[in-house]
Amino acid sequence: MNKRENFGSRLALVLAMAGSAIGLGNIWRFPYLVGQNGGAAFVIIYIVSCFVLVLPIFMAESIIGRRTRLSTFGAIKKLAPGSPWKWIGLLTVITPLLILGYYSVVGGWSVDYLWKACTLRLTHNTAGLFPGFISSVWEPLIAFTIFLVATAVIILLGVKNGIEKFTKICMPALFVLIVGIVIYGLTLPGSMEGVIYLVKPDFSKIDAGVVAAAMGQAFFSMSLGMGAILTYASYAPENENILSSGVGTTLADLGFALLAGFAIMPAVFSAGIQPGEGPGLVFDTLPYIFSQMPSWIGAILGIVFFLTILMAALTSSISMLEVGVAYLQEEKGIGRVKGTIIITLIAWVLGIFCSLSFGPLAGVKIFGLSIFDCIDKLCSDWLLPLGGLLFTLFVGWYMSKADVRDEFTNHGTANVGVFSVIYFLMRYIAPVGIVVVFITNLVL
Ligand code: PHE
């Protein structure tokens, strides 16, 4: 049996979890969803979802991972031997692969845009640049491949030398970079309108669709429902307080999403652009804004901005790859190198189809959606919430309350007072919340 690696410290664990959570979901998805769903009203529902729905599921995954010290499939098998619950394990082998494929395509866009920024191609007319880029064949494919290989290299280095070291460097850097962008954005003329848009709620904009979108985004952004948090928790140091790492990760993720909103909306309003632009907001709109600035400022800001996105995306993609690699290592006895190559290759093939679905394969529609949109929707609206539902039902209803309490409270030494609140949220509120999201998505 291989000796299992663990994170070296509590800080390393929280940084790795925050690294997984903070990613394209925060910088690319959150701002455009805010823009499409009515600004501050969406933000408020999002914040509530983070604590009522997402935190209990985060706890459920942490409890399973730390209790068993195994990756998802083995963990469920160990806690529920011979029961059909093992199928959760299968789900969490498939979902990360699908996500890794399409997520790496967007990761590739950030590689390409960083390169464009470095070669000063974002400092002059950028009209039509983004649509032209994503619909071409080779450039996005090459960038996507570079992103995926970079992810694989970090995973090959291992939990301590790869994941831990990389996130320890990137996370503080990310924070500094985004704060710098926020400060600069606020100095732009007309930027206050963007701030007001983010803080002044218009409750007339809220309907069931907005609530479902906010909950789904909270799920995706916190990396829940596919075993990433479970796997990281299985590497947690013995004395780790699960509640504080969960709250710490939730606050970091939420804080970063808000910072990304404050980095982007003021600039969008200052340039007189509509915030409801959609997925192109970051890749289409921001380069336009950079190109309108004095060229040296636009160049520096472009480099800083796309470097931020790239680092955030990598600290998330490694957590997706790790789930599959840990599974192959522990369940199939396949070594880390071989396992990494296998999973990377499958994600690569999937990603090729996703990338080409903006160009030559644009005509291929599944349920009326392009391949990319279909996988995005399938994962974030269905598979991740389904995984989360099963995890929370497993801990809330299948595991014995005594075991859950024992793990959550570090054998009765911590968090004893809040246990009943979290347990109630895990047993009732989180499952009901997810079912409501499902029904809303079905009806809308
Ligand atoms: N949370 C990541 C982000 O916000 C995406 C992610 C989803 C990572 C699911 C792992 C698992 O970008």
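Here the structure is a predicted model, which is why all the values come from computation and not from measurement. Whatever order the structure lists them in is the order used to number ligands and atoms, beginning at 1.
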Visitor: Report the part of Ala21 (side chain from C-beta onward, or backbone N, CA, C, O) that has a heavy atom under 4.0 Å from ligand 1; answer both or neither where that applies.
Guide: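 The backbone, only.
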Visitor: Between Ile22 and ligand 1, is there a nitrogen or oxygen pair with a distance under 3.5 Å?
Guide: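 Not met; the criterion fails.
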Visitor: Below 3.5 angstrom, do we get any N/O pair linking Leu24 and ligand 1?
Guide: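 Indeed, backbone or side chain, Leu24 has an N or O that close.
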Visitor: Does at least one non-hydrogen atom of Tyr103 fall below 4.0 angstrom from an atom of ligand 1?
Guide: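 Tyr103 counts as a contact of ligand 1 under the 4.0 Å cut-off.
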Visitor: Measure up the Trp85 and Phe394 rings against each other and bin them: parallel (under 30°), tilted (30 to 60°), perpendicular (over 60°).
Guide: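 Plane angle over 60°, so perpendicular.
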Visitor: Within 45° of the ring axis of Phe133 and under 6.0 Å from its six-membered ring centre, is that where the NZ or CZ of Lys116 lies?
Guide: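 That pair qualifies as a cation-pi contact.
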Visitor: Run the numbers for me: atoms of ligand 1, each under 4.0 Å from some heavy atom of Met226, listed by number.
Guide: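 Those atoms are 9 (C), 11 (C).
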Visitor: Nearest to atom 9 (C) of ligand 1, what protein heavy atom do you find, and at what distance?
Guide: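 Going by distance alone, atom 9 (C) of ligand 1 is nearest to Ser223 CA, 3.6 Å.
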Visitor: Side chains of Asn26 and Asp253: do they bring a donor and an acceptor to under 3.5 Å?
Guide: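 The criterion, which ignores hydrogens and geometry beyond distance, is satisfied for Asp253 and Asn26.
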Visitor: Would you kindly say whether Glu330 and Ser71 are connected by a side-chain donor-acceptor distance under 3.5 Å?
Guide: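 The criterion, which ignores hydrogens and geometry beyond distance, is satisfied for Ser71 and Glu330.
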Visitor: Report the nearest protein non-hydrogen atom to atom 7 (C) of ligand 1: residue, atom name, distance rounded to 0.1 Å.
Guide: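 Nearest neighbour among protein heavy atoms for atom 7 (C) of ligand 1, to 0.1 Å: Phe220 O, 3.4 Å.
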Visitor: For Ser223, which of Ser319, Ser316, Ser20 qualifies under side-chain hydrogen bond (donor to acceptor under 3.5 Å, both in side chains)?
Guide: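 The side-chain hydrogen bond (donor to acceptor under 3.5 Å, both in side chains) with Ser223 is passed solely by Ser20 among Ser319, Ser316, Ser20.
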Visitor: Determine, considering heavy atoms only, which of Gly23, Ser20, Gly25 sits nearest to atom 2 (C) of ligand 1.
Guide: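 Considering heavy atoms of Gly23, Ser20, Gly25, the nearest to atom 2 (C) of ligand 1 sits in Ser20.
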Visitor: For Tyr428 and Trp397, what are the C-alpha separation, side-chain angles and deciding distance, and is it a ring-ring contact (aromatic ring centres under 6.0 Å, His included)?
Guide: CA-CA 10 Å; Tyr428 301 102; Trp397 295 91; 5.7 Å; yes
Visitor: Tyr232 and Ala16: which non-hydrogen atoms are nearest, and at how many Å?
Guide: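 Of all heavy-atom pairs spanning Tyr232 and Ala16, the closest is CE2-O, 3.3 Å.
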Visitor: Suppose I only count heavy atoms of Ser319 and a 4.0 Å limit; which atoms of ligand 1 are within that range?
Guide: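 Contacts of ligand 1 toward Ser319, numbered from 1: 10 (C).
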Visitor: Under 4.0 Å from a heavy atom of Ser221: give me the atoms of ligand 1 that qualify, with their elements.
Guide: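 Selected atoms, number and element: 1 (N), 4 (O).
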